[in-house]
Amino acid sequence: MKVNLGAYDNSWYNPGHPLKRLCWYVTSFLFFRNPVFPFYGFKVFLLRIFGARIGQGVIIKPGVHIKYPWMLQTGDHVWIGEGAWIDNLANVTLGNNVCISQGAMLLCGNHNYSKPGFDLIVKEIIMEEGSWSGAKSIVTGGVKMGSHAILTAGSVATKDLEAWGIYQGNPALKIKERTMETPV
């Protein structure tokens, strides 16, 4: 057997009505991916109109790409950095106080390389409270980042990350425990 991309068929996958997707693509281009549009409140408003469930105090920097807002849920005080890409072909859930740094990618989709048709695979991503995906890091579909877990800059998470762990590398490996200083 060989790969046969001509046999690729993702007709089973329906992320929403084509008109809804088109409207979102235009809105996203004008207000989210646009590097000179910094108005967080308006972006949150637009996401909610398109079906996202967004908490309070969410900050979305310029240049952010969100594939399908109706598959996004955030808690309160979530930060999404410049150029972050949430390719949410499946549900993405971000708990309270989650940080997605600049250029980080959350990728819910992949392909089954063992099938000739390179079948589409989609899996959700969950980032629990206080977790942080560092700059240029990648979180792949099916990964759950435990509470306060850290994925360091440039690292790739292909498996669940334990709560309070700090992970580094490709694939990301736990390097130590996260500790928090007591406020003064």
Side-chain angles (χ1 to χ4, degrees), residues 15 24 28 31-35 37-38 40 43-44 46-48 50-111 120-181:
W24 170 248
S28 177
F31 301 110
F32 284 82
R33 295 178 13 212
N34 182 337
F37 192 85
Y40 312 138
K43 291 177 185 181
V44 167
L46 290 172
L47 286 172
R48 287 179 178 147
F50 278 93
R53 292 169 291 172
I54 306 295
Q56 300 301 309
V58 173
I59 294 176
I60 303 168
K61 294 287 190 171
V64 170
H65 180 93
I66 298 170
K67 186 74 157 203
Y68 300 127
W70 47 93
M71 292 187 201
L72 177 64
Q73 177 178 345
T74 79
D76 297 333
H77 307 289
V78 169
W79 295 352
I80 303 174
E82 290 182 51
W85 185 6
I86 301 175
D87 193 27
N88 55 336
L89 299 176
N91 291 328
V92 168
T93 304
L94 308 173
N96 294 332
N97 302 298
V98 163
C99 179
I100 301 171
S101 289
Q102 60 272 24
M105 300 172 70
L106 276 55
L107 306 175
C108 291
N110 205 339
H111 294 278
L120 178 65
I121 300 169
V122 294
K123 295 181 181 176
E124 71 178 349
I125 292 173
I126 299 170
M127 292 180 66
E128 291 184 342
E129 179 178 6
S131 59
W132 174 19
S133 181
K136 302 281 186 180
S137 64
I138 298 173
V139 180
T140 61
V143 169
K144 178 179 177 181
M145 288 183 64
S147 175
H148 294 83
I150 296 175
L151 180 63
T152 62
S155 297
V156 180
T158 58
K159 295 185 177 172
D160 291 352
L161 307 184
E162 295 174 7
W164 295 92
I166 299 176
Y167 290 80
Q168 183 177 51
N170 180 8
L173 300 173
K174 186 174 181 181
I175 58 169
K176 64 182 178 178
E177 290 288 322
R178 180 180 188 177
T179 58
M180 302 286 286
E181 294 180 8

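Side-chain atoms are counted along with the backbone in the values below, which use heavy atoms only and exclude waters and symmetry mates.
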In this structure, are over 12 heavy atoms from other groups packed under 6.0 Å from Lys159 atom NZ?
no

Please indicate whether Glu162 has more than 12 foreign heavy atoms, meaning atoms of other residues, nucleotides or ligands, lying under 6.0 Å from its CD.
no

So, using ring pair (Phe, Tyr, Trp, His ring centres under 6.0 Å) as the criterion, who are the partners of His111 when residues are at least two apart?
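Testing His111 for ring pair (Phe, Tyr, Trp, His ring centres under 6.0 Å), a comparison that skips the adjacent residues, returns Tyr8, Phe118.
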
Please check: side-chain N/O of [X] versus main-chain N/O of [Y], any donor-acceptor pairing under 3.5 Å?
X: Glu128; Y: Ser147; value: yes
X: Ser131; Y: Ala149; value: no
X: Asp76; Y: Gln56; value: yes
X: Ser137; Y: Ala153; value: no
X: Asn91; Y: Glu124; value: no

Could you check if a side-chain atom of [X] sits within less than 4.5 angstrom of a side-chain atom of [Y], using non-hydrogen atoms only?
X: Leu107; Y: Ile138; result: yes
X: Ile86; Y: Ile80; result: yes
X: Asn110; Y: Thr140; result: no
X: Met127; Y: Ile100; result: yes
X: Trp24; Y: Leu47; result: yes
X: Val156; Y: Pro171; result: no
X: Asn88; Y: Leu106; result: no
X: Lys43; Y: Phe37; result: yes

Quick check: closest heavy atoms across [X] and [Y], and the distance to 0.1 Å?
X: Ala157; Y: Val143; answer: O-CG2, 3.5 Å
X: Ser101; Y: Gly134; answer: CB-C, 3.5 Å
X: Glu129; Y: Asn97; answer: OE2-ND2, 4.2 Å
X: Gly81; Y: Val64; answer: O-CG2, 3.3 Å
X: Cys108; Y: Val92; answer: SG-CG2, 3.5 Å
X: Ser133; Y: Val139; answer: OG-CG2, 3.8 Å

Show your reasoning for whether side chain to side chain contact (heavy atoms under 4.5 Å, CB included) applies to Leu72 and Leu94.
CA-CA 8 Å; Leu72 177 64; Leu94 308 173; 4.2 Å; yes

Separation of [Y] [atom2] from [X] [atom1] (nearest 0.5 Å):
X: Ser155; Y: Gln168; atom1: OG; atom2: CD; value: 5.5 Å
X: Ile166; Y: Glu177; atom1: CD1; atom2: CD; value: 8.0 Å
X: Lys144; Y: Thr93; atom1: NZ; atom2: OG1; value: 10.5 Å
X: Leu46; Y: Ile60; atom1: CG; atom2: CD1; value: 9.5 Å

Is there any ring-ring contact (aromatic ring centres under 6.0 Å, His included) pair reaching into residues 129-163, and which pairs are they, with sequence neighbours excluded?
His148-Trp164

List the steps, then state whether side chain to side chain contact (heavy atoms under 4.5 Å, CB included) holds for Leu161 with Leu151.
CA-CA 8 Å; Leu161 307 184; Leu151 180 63; 4.1 Å; yes

Verify side chain to side chain contact (heavy atoms under 4.5 Å, CB included) between Leu89 and Tyr68, making sure each step is shown before the conclusion.
CA-CA 7 Å; Leu89 299 176; Tyr68 300 127; 3.8 Å; yes

Output, in order, the C-alpha distance, side-chain angles, deciding distance and verdict of side chain to side chain contact (heavy atoms under 4.5 Å, CB included) for Met105 and Asp87.
CA-CA 7 Å; Met105 300 172 70; Asp87 193 27; over 6 Å; no

Sorted by chain and residue number, the side chain to side chain donor-acceptor pair (under 3.5 Å) partners of Arg53 (sequence neighbours excluded) come out as Gln73

